Amino acid sequence: MARVKPDLKYGQPVSEKDWARFWSFVSTPDENGCLLWRGHLVGRGYAQFGFKGHGYQAHRWSYSMLVRTIPKGYEIDHVYARGCRSKACVNPEHLQAVTPSENMRRAYAVKFPNAKRHRPPLRPRLTPPEAP
Ligand SMILES: [Zn+2]
């Protein structure tokens, strides 16, 4: 039988052993203040942490245990504006819960810093008739 992965909740009990294991995977801050995960990485470089028999993204685990419960449907952004430069970072001060669309907007803004925020209209605007 497949076990349902429980949602992480701020304030839920975490054993000393689990805390020690978590921090044992975390590097000292790099030049950006990032706390990089030295343990298992999955997908496009996201840190993975095994907790109570389930695999969690380590940055989500960090945020949930150290900041607050992640609201339903929210994603965790590695906030570029706070200096974060790595998806493998678990520094709670670099993390923020945002909606998926906000997360995508920020990622786009970082990737294409010179892109205009709004695209020009596809069709040229009709010139209003000149006033007499
Ligand atoms: Zn960071």
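What's counted below: heavy atoms across the whole structure, side chains too, no hydrogens, waters or symmetry copies. Computed from a predicted structure; not experimentally measured. Just follow the structure's listing: the first ligand is 1, and inside any ligand the first atom is 1.
Note on Asp30 versus Arg85: no salt bridge recorded, every NZ/NE/NH1/NH2 to OD/OE distance being 4.0 Å or above.
In this structure, the side chains of Phe22 and Val26 come closer than 4.5 Å at one or more pairs of heavy atoms. Taking 4.5 Å as the limit, some side-chain heavy atom of Val98 sits within range of a side-chain heavy atom of Arg106.
Using modelled atom types and a 3.5 Å distance limit, the side chains of Glu75 and Asn103 yield a donor-acceptor pair.
A distance-only check finds no donor-acceptor pair linking the side chain of His78 to the backbone of Cys84 [under 3.5 Å].
The number of protein N/O/S atoms found under 2.8 Å from the Zn ion (ligand 1) is 4.
You'll find the ring centres of Trp37 and Phe49 inside the 6.0 Å limit.
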